[in-house]
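This report concerns only the one structure given below.
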Amino acid sequence: MTEFNLKKESVESMIEALLKIVGNGNVSINEEPRTLVSTDLSWLSVEICEMAVAPNSSEELVSVVKTAIAGGFNCVPRGAGMSYSLGYTPAHKRTITIDMRRMNRILEINEEDMYMTVECGCNWSVIYEALKKLGLRTPFYGPLSGLYSTVGGALSQNSVFMGSGLYGSAADSVIGLHVILADGSVLVTGSEAHQNGVPFARHFGPDLTGIFTSDTGSMGFKATATLRLIPFPKATGFASYGFEKLEDMLGAQKEIARQRIAGECYGFDPYYNMNFSKMEVSPSQKKEVGKQIIKEAGLWNAIKVGIGGQGFLARVKYSIHLTIDSNTKQGASASLKIARKICRKYQGKSLTPSIPVLIRAVPFQPVRQYILGSDGACWFPIHGMFPLSKAIEVSLEIEEYYAKNKERMDKHEIRYSYLMCTSAHEFLIEPSMYWPDKIGDFRAEFLEEEYQEKWKILPLQRSA
């Protein structure tokens, strides 16, 4: 890798040039904000960017890229920072981080042709709420971190979760993009690229859109994205099942995935069950969450959740959680019967569906319970996607790996869990590790106020 010699005057000239483009307050040169935007959830940042710039429009983004490249700087795009793949962390010092979060507008919702266009700094929660009022949704409608995660970040990382059981990943829901290339030119993909075209279709000639998805931002700067729309489901059913054996839970998940009946189908291991058994809504949110559960899942489900809570999960070894959407109550009920039959085939026992009800009612909650353990332990995930046929084999090998390293993990008080979910006909496994340590400023930034004071002072001493 080439090592650049930084010259003070060239950095100052670049700052001045960028300020003219984006205005005062939108170029960060102090160490603390530069460190935050150069960090992801991996703990493995290599360098700190020289400055961070936040454009407010596609035009400003083009000017920023052209100016930075002409000045000999490298550029990396960053959304909310919720990834852990080193996709946006600087590789060397002469880097400008382009913070996309000011480009957060919904540009068009086309109800007739069923698509919407957004700036790529828009987060999934904003999109979900705007569409819901119109009785619409995107097929994939966000990761669990959608309160913060941006459209550009999800497309770059090939995110899965909300809606993935039927519709696949974020990349499967995008129709077209406006991408700023390294020379500052704008590439339009999909049907909008044609003269007088509109972005109603992805496959309108070669599929250039696919090149810029799952690329961790390396192929270009996503300025805007057009996403497919579907009707918001008129009826939803919920189910959870507990299993004694990992193989049984995975067997049930695989069959449910093949039946294409669940919008979300995800599985927890014993530690994840314990973690979610302690899942709590922050005091400032409790009243609103209760209203949403009644509104989205119905009074009967709200009563079941209120009675059952999540505490029972601590006594469950493995569990799967299903959200099943349909145009009718009869359709949702029929699909639930299929899921019940499959789960019983694998010795699954019915549980109160607290988790899927809560997540559907309030899909984008603060990420505290996703980026930290239930007691504030530090969290580090990795993940892989596999064909359904490999789900059991890979999961058992992960179990074997942890067993071989148990002594080392116990010594350092490292615990583990893994989330398993289906994405159309793919299987995602996300092993995670937890350990007592200081959570750091980056993670603390995403905590509600009442938890910042409680957990920022960690590490606490814990027994293995």
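Numbers here simply count residues along the sequence, with the first being 1.
Side-chain contact check for I106 versus C122: some heavy-atom pair is nearer than 4.5 Å. Between P55 and I98 the shortest side-chain heavy-atom distance falls below 4.5 Å. Residues T138 and W124 are in side-chain contact: their nearest non-hydrogen atoms beyond the backbone lie under 4.5 Å apart. In this structure the side chain of R137 reaches within 4.5 angstrom of the side chain of P233, judged on heavy atoms. A 4.5 Å side-chain heavy-atom check between C343 and R340 finds every atom pair outside the cut-off. In this structure the side chain of F221 never reaches within 4.5 angstrom of the side chain of F212, judged on heavy atoms. Residues N123 and Y148 are not in side-chain contact: their nearest non-hydrogen atoms beyond the backbone lie 4.5 Å or more apart. Residues I230 and Y167 form a side-chain contact, since some pair of their non-hydrogen atoms from C-beta on lies under 4.5 Å apart.
Between the side chain of Y88 and the main chain of G81, a donor-acceptor pair closer than 3.5 Å is present. Under a 3.5 Å cut-off, the side chain of S145 and the backbone N or O of S149 do not form any donor-acceptor pair. Between the side chain of E60 and the backbone N or O of N56, at least one donor-acceptor pair lies under 3.5 Å. Checking side-chain atoms of R78 against main-chain N and O of V37 turns up a donor-acceptor pair under 3.5 Å. Looking at E430, its side chain never comes within 3.5 Å of a backbone N or O of H383 through a donor-acceptor pair. Between the side chain of T150 and the backbone N or O of G121, no donor-acceptor pair lies under 3.5 Å. Remark: side-chain polar atoms of Q253 are paired, donor with acceptor, to backbone N or O of M420 under 3.5 angstrom. Formation of a donor-acceptor pair under 3.5 Å by the N405 side chain with backbone atoms of Y401 is found in this model. For R105 (side chain) and V118 (main-chain N/O), no donor-acceptor pair under 3.5 Å exists by modelled atom type. Of the possible donor and acceptor atoms, none in the side chain of S335 sits under 3.5 Å from a partner among the backbone N and O of A332.
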Subject >> K404 and E400: CA distance, side-chain angles, deciding distance, salt bridge (Lys or Arg N to Asp or Glu O under 4.0 Å) verdict >> reply: CA-CA 6 Å; K404 286 180 179 178; E400 185 179 346; 3.5 Å; yes
Verdict with supporting geometry, W379 and S432, side chain to side chain donor-acceptor pair (under 3.5 Å): CA-CA 7 Å; W379 168 80; S432 298; 3.0 Å; yes
| message | Between E393 and K390, is the salt bridge (Lys or Arg N to Asp or Glu O under 4.0 Å) condition met? List the steps. | response | CA-CA 5 Å; E393 177 187 342; K390 295 290 184 182; 3.5 Å; yes
### Message
Please determine whether ring-ring contact (aromatic ring centres under 6.0 Å, His included) holds for the pair Y416 and Y402, giving the CA-CA distance in whole Å, both sets of side-chain angles, and the decisive distance to 0.1 Å.
### Response
CA-CA 8 Å; Y416 70 89; Y402 283 134; 3.8 Å; yes
Next item on the list: Let me see the working for Y141 and I127 under side chain to side chain contact (heavy atoms under 4.5 Å, CB included), right down to the final yes or no.
Entry: CA-CA 8 Å; Y141 62 99; I127 293 170; over 6 Å; no
Note to self: One pair to check against side chain to side chain contact (heavy atoms under 4.5 Å, CB included): L136 and M116. What are the steps and the verdict?
What the structure shows: CA-CA 10 Å; L136 298 171; M116 74 181 304; over 6 Å; no
**Request:** Using the side chain to side chain contact (heavy atoms under 4.5 Å, CB included) rule, take L134 and I109 through it: C-alpha gap first, then chi angles, then the decisive distance, then the call.
**Result:** CA-CA 10 Å; L134 302 173; I109 299 175; 3.8 Å; yes
*asked:* Between E119 and R102, is the salt bridge (Lys or Arg N to Asp or Glu O under 4.0 Å) condition met? List the steps.
replied: CA-CA 9 Å; E119 292 179 321; R102 289 181 71 214; over 6 Å; no
_Test side chain to side chain contact (heavy atoms under 4.5 Å, CB included) applied to L41 and S83, step by step_ = CA-CA 6 Å; L41 288 167; S83 64; over 6 Å; no
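Atom OG1 in T422 sits 7.5 Å away from atom CG in L388 (nearest 0.5 Å). Atom OG1 in T224 sits 7.0 Å away from atom CG in L177 (nearest 0.5 Å). Rounded to the nearest 0.5 angstrom, K406 NZ and M409 CE are separated by 9.5 Å. For the atom pair OG (S319) and CD1 (I355), the distance works out to 8.0 Å, reported to the nearest 0.5 Å. The line from CG of L144 to OG of S159 is 10.0 Å long, rounded to the nearest 0.5 Å. Remark: L322 CG to Y241 OH distance equals 7.5 Å, nearest 0.5 Å.
Residues F140 and F161 place their aromatic rings such that the two centres sit no closer than 6.0 Å. Ring centroids of Y272 and Y418 are separated by 6.0 Å or more, keeping the two rings apart.
S169 and N158 share a side-chain donor-acceptor pair at under 3.5 Å. When only modelled atom types and interatomic distance are considered, E192 and T226 share no side-chain donor-acceptor pair under 3.5 Å.
The pair E244-K349 does not meet the salt-bridge criterion, since no charged nitrogen lies less than 4.0 angstrom from a carboxylate oxygen. In this structure, K222 pairs ionically with D215, as a charged nitrogen and a carboxylate oxygen lie closer than 4.0 Å.
Relative orientation of the H321 and F268 rings is tilted, given thresholds of 30° and 60° on the angle between their planes. Taking the six-membered ring where tryptophan is involved, the planes of Y271 and Y434 are tilted, since the angle between them lies from 30° to 60°. The aromatic rings of F204 and F200 lie perpendicular to each other, with more than 60° between the two planes, well past the 30° mark.
Taking each heavy atom of S58 and M103 in turn, the nearest pair found is N-CE, 3.7 Å. Here the shortest heavy-atom pairing between D40 and S85 reads OD2-N, 3.5 Å. Listed here is the closest heavy atom pair of I256 and A339: CD1-CB, 4.4 Å. Closest approach of S326 to G331, counting heavy atoms only: OG-CA, 3.4 Å. Closest heavy-atom contact between F243 and K317: O-CB, 3.5 Å. What you find for G79 and D99 is that their closest heavy atoms are O-OD1, 4.2 Å.
Of the options L166, T236, I261, a side-chain contact (heavy atoms from CB on, under 4.5 Å) to D325 is made by T236 and by none of the others.
Annotation: R260, atom CZ; neighbour count of heavy atoms from other residues, nucleotides and ligands within 6.0 Å is above 12.
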